[in-house]
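Keep in mind that the numbers below use all heavy atoms, side chains included, and drop hydrogens, waters and symmetry copies. Throughout, residue positions are numbered sequentially from 1 according to the sequence presented.
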Amino acid sequence: MPKRCLIIIDMLNDFLDRCVTERVDRLVGNTNLMIENFRRFDLPIIWIRQEFRPDLSDAFLEMRDKGIAVAIEGTRGSMLHGELDWRSTDLTFVKKRYSAFFKTPLDEALAKIDPGELVLCGVNTHACVRMAAIDAYQRDYRVVIARECVGSNNELHERVSLDYMDGKIAKVATVADIIGSLN
């Protein structure tokens, strides 16, 4: 069994505040269940979060062109959801684009950890999770997407993205199946 690493992407207040409470509770609860089990087996956890300057000078084109101000540094919106089991000892990286790999220290961190498989959780499935999965696959990592730990603000795009990735770029698996395979 390859060594695994859990990567949690953009579980930020600005993104989760837009979801209905039941959906947020499901995402946070299932993600915390994954975290608990990865910690129990002493497996690494990496958090990725988006953050931009208030003037959007480091944001991507659409944000700058349309004045979309989300995940602004220093605001509550750019912070991880308060009910997530984040710890100060967890690796945490800030990204400026959809991919968790683009101009972040993620490649270097993974080289030190040397996992054979990355398990992804987070939002939005059709954007940041998909980009991270594709970039991980292109780096020869096996990728698993925890089905109950991902979500999107667009359900159609989420379904299409999961269908596209499953069995090709990644394996979409249930939290129970992932946890059951850790021991």
Side-chain angles (χ1 to χ4, degrees), residues 4-56 58-60 63 67-106 109-110 113 118-133 136 144-155 157-158 161-162 173-176 178-179 182:
R4 295 175 176 164
C5 178
L6 180 64
I7 300 179
I8 304 162
I9 302 167
D10 287 344
M11 297 282 281
L12 308 178
N13 290 317
D14 267 354
F15 300 134
L16 296 178
D17 284 351
R18 298 171 187 197
C19 298
V20 294
T21 302
E22 294 81 20
R23 191 166 191 198
V24 173
D25 290 347
R26 176 185 62 86
L27 284 169
V28 169
N30 282 309
T31 300
N32 281 340
L33 185 59
M34 293 289 291
I35 293 165
E36 173 188 330
N37 282 278
F38 268 69
R39 286 198 175 118
R40 184 163 49 104
F41 289 100
D42 200 30
L43 294 169
I45 298 167
I46 299 175
W47 298 80
I48 307 291
R49 62 182 193 82
Q50 220 165 29
E51 181 180 273
F52 303 102
R53 294 183 188 128
D55 67 2
L56 302 179
D58 59 346
F60 49 89
M63 289 180 68
I68 299 170
V70 296
I72 302 301
E73 66 186 5
T75 67
R76 178 188 167 280
S78 70
M79 305 311 296
L80 294 168
H81 189 280
E83 292 180 26
L84 288 164
D85 189 15
W86 175 85
R87 296 182 184 171
S88 60
T89 54
D90 294 336
L91 287 176
T92 305
F93 302 128
V94 172
K95 67 182 178 72
K96 303 292 181 176
R97 297 297 184 267
Y98 285 168
S99 176
F101 288 90
F102 186 78
K103 296 185 179 181
T104 71
L106 183 57
L110 291 173
I113 295 168
L118 305 180
V119 178
L120 305 183
C121 300
V123 296
N124 279 301
T125 307
H126 68 279
C128 299
V129 174
R130 181 175 170 159
M131 289 299 298
V144 176
I145 298 172
R147 180 65 191 102
E148 301 95 335
C149 298
V150 294
S152 284
N153 58 18
N154 185 308
E155 290 183 26
H157 287 171
E158 179 178 29
S161 293
L162 289 173
T174 66
V175 168
I178 295 167
I179 291 170
L182 292 178

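Looking at every heavy atom in both residues, Thr104 comes nearest to Lys95 through CG2-CB, 3.7 Å. Between Gly151 and Leu27 the shortest heavy-atom distance is N-CD2, 3.9 Å. Listed here is the closest heavy atom pair of Gln50 and Cys128: NE2-SG, 4.4 Å. The nearest pair of heavy atoms linking Leu56 to Ala69 is CD2-CA, 4.3 Å. Nearest heavy atoms, Ile9 versus Ala132: CD1-CB, 3.6 Å. The shortest non-hydrogen separation linking Ala109 to Leu91 is CB-CD1, 4.1 Å.
At least one side-chain heavy atom of Val70 sits under 4.5 Å from a side-chain heavy atom of Arg18. For the pair Asn32/Leu84, a side-chain contact is recorded, criterion being any heavy-atom separation below 4.5 Å from C-beta on. Counting heavy atoms from C-beta outward, Pro54 and Phe52 have side chains that stay 4.5 Å or more apart. You'll find the side chain of Ser78 stays beyond 4.5 Å of the side chain of Ile72, heavy atoms only.
Of the listed residues (Val150, Leu16, Asn153), just one forms a side chain to side chain contact (heavy atoms under 4.5 Å, CB included) with Val123, and that residue is Leu16. The one candidate from Arg147, Glu155, Glu158 that meets the side-chain hydrogen bond (donor to acceptor under 3.5 Å, both in side chains) condition with Thr125 is Glu158.
The pair Lys96-Glu73 does not meet the salt-bridge criterion, since no charged nitrogen lies less than 4.0 angstrom from a carboxylate oxygen.
For the atom pair Asp85 CG and Leu80 CG, the distance stands at 11.5 Å (nearest 0.5 Å). Rounding to the nearest 0.5 Å gives a distance of 4.0 Å between CE of Met34 and CD1 of Ile178. Atom NE2 of His126 is separated from atom CG of Asn154 by 5.5 Å, given to the nearest 0.5 angstrom. Expressed to the nearest 0.5 Å, how far CZ of Arg23 lies from OG of Ser152 amounts to 6.5 Å. Note that the CD1 atom of Ile45 and the OG1 atom of Thr92 stand 10.0 Å from one another [nearest 0.5 Å]. For the atom pair CD1 (Ile46) and CZ (Phe38), the distance works out to 11.0 Å, reported to the nearest 0.5 Å.
The number of heavy atoms from other shown groups lying within 6.0 Å of NE2 (His157) does not exceed 12.
By the side-chain hydrogen bond (donor to acceptor under 3.5 Å, both in side chains) test, Asn37 pairs with Arg40, sequence neighbours left out. Residues that satisfy the side chain to side chain contact (heavy atoms under 4.5 Å, CB included) test with Arg76, not counting sequence neighbours, are Asn13, Asp17. Applying the side-chain hydrogen bond (donor to acceptor under 3.5 Å, both in side chains) rule to Asp90 yields the partners Arg39, Trp47; only residues at least two apart in sequence or on another chain are considered.
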Hey, mind stepping through Phe15 and Arg49 against side-chain contact (heavy atoms from CB on, under 4.5 Å) and telling me if it holds? CA-CA 11 Å; Phe15 300 134; Arg49 62 182 193 82; over 6 Å; no
Step by step, would you call Ile8 with Ile35 a side-chain contact (heavy atoms from CB on, under 4.5 Å)? CA-CA 9 Å; Ile8 304 162; Ile35 293 165; 3.6 Å; yes
List the steps and the verdict of side-chain contact (heavy atoms from CB on, under 4.5 Å) for Leu6 and Leu43. CA-CA 8 Å; Leu6 180 64; Leu43 294 169; over 6 Å; no
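Judged purely by atom type and a 3.5 angstrom limit, Glu148 uses its side chain to pair as donor or acceptor with the backbone of Val175.
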